[in-house]
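Scope of the values below: all heavy atoms of this structure, side chains included, with no hydrogens, waters or symmetry mates. Chain naming here is simple, since letters A, B, ... match the order of the sequence lines and numbering starts at 1 in each.
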There are 2 protein chains.
Amino acid sequence: MTNAHPDRPSRTTYRHGDLHHALLTAGLELARDGGPAAVVLREATRRAGVSPSAAYRHFADRRALLEAVCSAAQSGLANAIQDALDQLPAANDRAAAARAHLRAVGAGYVAFARAEPNLFRTAFSPSENLERAESPARAGRSGMTPFQLLNAALDDLVEAGELPRERRAGAEFLAWSAVHGLAMLAIDGPLRGLGPAQIRGVTERLLDMVHHGL
Amino acid sequence: MTNAHPDRPSRTTYRHGDLHHALLTAGLELARDGGPAAVVLREATRRAGVSPSAAYRHFADRRALLEAVCSAAQSGLANAIQDALDQLPAANDRAAAARAHLRAVGAGYVAFARAEPNLFRTAFSPSENLERAESPARAGRSGMTPFQLLNAALDDLVEAGELPRERRAGAEFLAWSAVHGLAMLAIDGPLRGLGPAQIRGVTERLLDMVHHGL
DNA sequence: GCGGCAATGTTAACACTGTAAACATTGGCG
DNA sequence: CGCCAATGTTTACAGTGTTAACATTGCCGC
């Protein structure tokens, strides 16, 4: 069981063609079912049908690959949030729409953590990481990173008159803290055992807390 | 630099005496300056002045050692919270005291994360972990785990009439989510660069949010 | 007291990892 | 068309977790 993809079509050309992309894809696959610790250089090269050292032509070291995978995972998170936003019904009440907007961001965040716990863990694994929360590599199809999607929702809340402008600054950290913490509890913590409906319930309550407390 | 403790007093007896404890201590030291990934069996045995395989007489595998270290780290977190509680001035206002009680738990939590980021990361690293949030091994000098200290604070809040009893159930998850998330942002996230005073400020604001939103 | 057993450590080995240096191949540019 | 830079391979080394076979010795029952 050392090789999940024993004999890949075993390319005939000497050059691979798009090894960088192949390694990233393999790494993402490894992360999806194994978390950050499972993204291993040699296994990635194996799946790409290439010798171990070949990876060093495209990534400085294992850490560099892991960070690329991590960015891809954050991009997936951004898409999950976007999914939640897309399902938002068109509302005529501006204020209610803004509130729903913020809630959808939180709900999408937690939903992704539950659907892809290993990718979620990977997205937030390496230190020196979250710092660049706005790197384009972390963006989803909307072109925005999870952090930016959250900020947009908060801005919307202000413009809708639902959040006093003087409380806007820093609010993203409060909201993010709450949602991120909940996501962690939901996949690794005491909330792990709960079913989807219950998780949704706790999430709603937490979003209430954020809304009232912000 | 493969061995930080080159020639330990190199015991004369064949038996070590308390290898289990020595390994755990070494593991904790490794975790303190290197995080969960740095707690490595062979290095721990080296520091204990013992051969690599000896560890297997006391821990099933590396994971088992890591989990023991993790419990110890949580115990440290419990003590940090207790420190914050101990510094609480004796108040005569029951309600204010209960509010301060909860805030102290949150503040101690974040303070520990900032003071010992690697231990904090270790405390919450292995999956299958937070589940047993009440294991005695995770308790601090008060005999309570971080989770139990939080619950006690919330109970106090109810008894002081500051939290409606019907909103008590599950409140621990909301409060924990917020504080835990903030702690993560403060050590690995965008809040990493902030100074102690600024972190205290954000923490206060977050605790306001929790208090108003609970 | 003492003999043997079970607990504890040691040695040696295996399979795996990341990484570097020297070498091989080849696409494309002058 | 020939050469060079980019890309991939081979080989090697140090480090890791883990196991099996062996060594030592504290302690418990006779």
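Comparing C:dT19, C:dT11, D:dG8 by their closest approach to the side chain of A:D61 singles out C:dT19.
Nearer the 5' end of DNA chain D, as judged by each residue's closest nucleotide, is the contact made by A:A55, out of B:V39 and A:A55.
Remark: the A:S53 side chain and the D:dT10 base include a donor-acceptor N/O pair separated by less than 3.5 Å. If you check distances only, the side chain of B:R42 never reaches the base of D:dG15 with a donor-acceptor pair under 3.5 Å.
Atom OH in A:Y56 sits about 17 Å away from atom P in D:dC13, given to the nearest Å. Remark: P of D:dT7 and CZ of A:R11 are 13 Å apart, rounded to the nearest angstrom. Protein atom CZ of B:R63 is 13 Å distant from nucleotide atom P of D:dG17, rounded to whole Å. One can place CZ of B:F59 at 19 Å from C1' of D:dT19, the figure rounded to the nearest angstrom. As rounded to whole Å, 16 Å separates atom P of C:dT8 from atom NE2 of B:H21. At whole-Å resolution of the value, CG in A:D18 and P in D:dT7 are 11 Å apart. Rounding to whole angstrom units, NE2 of residue A:H20 and P of D:dG8 are separated by 12 Å. Rounded to an integer number of Å, the gap from B:E43 CD to D:dA14 C1' is 14 Å.
In this structure a side-chain-to-backbone donor-acceptor pair under 3.5 Å is present from A:Q148 to A:T145. Judged by distance alone, the side chain of B:R103 and the main-chain N or O of B:E204 form a donor-acceptor pair under 3.5 Å. Checking side-chain atoms of A:R62 against main-chain N and O of A:V39 turns up a donor-acceptor pair under 3.5 Å.
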Any protein N or O atoms within reach of nucleotides 25-27 of chain C? Criterion: under 3.5 Å, listing atom names and distances.
| from | atom 1 | to | atom 2 | distance (Å) |
| --- | --- | --- | --- | --- |
| C:dT26 | O4' | A:R15 | NH1 | 3.4 |
| C:dT26 | O2 | A:R15 | NH1 | 3.4 |

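Here the CD atom belonging to A:E134 is positioned 11.0 Å from the CE atom belonging to A:M144, to the nearest 0.5 angstrom.
In this structure, A:Y109 and A:W176 have perpendicular ring planes: the angle between them is above 60°, well past the 30° mark.
Side-chain N/O atoms of B:R57 include none lying less than 4.0 angstrom from OP1 or OP2 on D:dT18. For D:dG8, one of the phosphate oxygens OP1 or OP2 lies less than 4.0 angstrom from a side-chain nitrogen or oxygen of A:H58.
Among the heavy atoms of the strands lying under 4.0 Å from B:R62 are primed sugar atoms or P, OP1, OP2 only; no base atom is included.
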Worksheet entry | Trace of the side chain to side chain donor-acceptor pair (under 3.5 Å) decision for A:S71 with A:R138 | CA-CA 5 Å; A:S71 285; A:R138 291 165 163 68; 2.9 Å; yes
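At least one side-chain heavy atom of B:L207 sits under 4.5 Å from a side-chain heavy atom of B:V179.
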